[in-house]
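The next block holds one structure in the form of structure tokens; read it before the comments.
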Amino acid sequence: MRYWLMKSEPETFSFQDLKNRKNQREPWDGVRNYQARNFMRDSMSIGDEILFYHSNTKPPGIVGIAEVASHPYPDYTAFDEKSKYFDPKSDPENPRWFLVDVAFKKDFNSMVSLEQIKVIPELSEMKILQKGNRLSITPVSSDEFALICAHGLKN
DNA sequence: GCCAACGTTGGC
DNA sequence: GCCAACGTTGGC
């Protein structure tokens, strides 16, 4: 079992949007970064838990828990000329981009904001805090995951 | 809206 | 294979 942090801009796709989806489940399409793709394609397993992070919003932070809900499979939006994620270089015979389905698991009682994360010494190693980090998917340790959940789930 | 950081592209 | 130009991310 691994743990991940996945970013999404709430204006594009929020945690509430995920919760409102049929089966509370959504393909994580549109990732066009090789490192993030590799995490989904090579390292994720069904049941891995995900910290759902809202970026580019005020305040940014982690709003709840999701989980990996499928094996990796090709990102079909890369083959769709009408999609904004269309990539003519991704060949259906040899797909360049992969994704997993993500499922809603649990709301936090209160957001764990980026500001809070920054002041918790045990979280100082998190990728999200490292300078210049822009990766939309990053691994999280089990201790970090547990600590953030403890903060998010307390009243 | 600014801009630092970083990934990708393409000419050479 | 180098690297300048360009586009994007995302906190502030």
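- Among the candidates A:W4, A:F104, A:F108, A:W28, the single residue satisfying the ring pair (Phe, Tyr, Trp, His ring centres under 6.0 Å) test with A:F52 is A:W28.
- For the 3.5 Å distance criterion, the side chains of A:D80 and A:Y85 fail to qualify, holding no donor opposite an acceptor.
- For the pair A:Q24 (side chain) and A:K19 (backbone), a donor-acceptor distance under 3.5 Å is present.
- One finds a salt bridge joining A:R32 and A:D75 here, because a Lys/Arg side-chain nitrogen approaches an Asp/Glu carboxylate oxygen to under 4.0 Å.
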Under 4.0 Å protein heavy-atom contacts per nucleotide of nucleotides 1-10 of chain C, with B for base, S for backbone only and - for none: ------BBBB
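- Checking side-chain atoms of A:T57 against main-chain N and O of A:P60 turns up no donor-acceptor pair under 3.5 Å.
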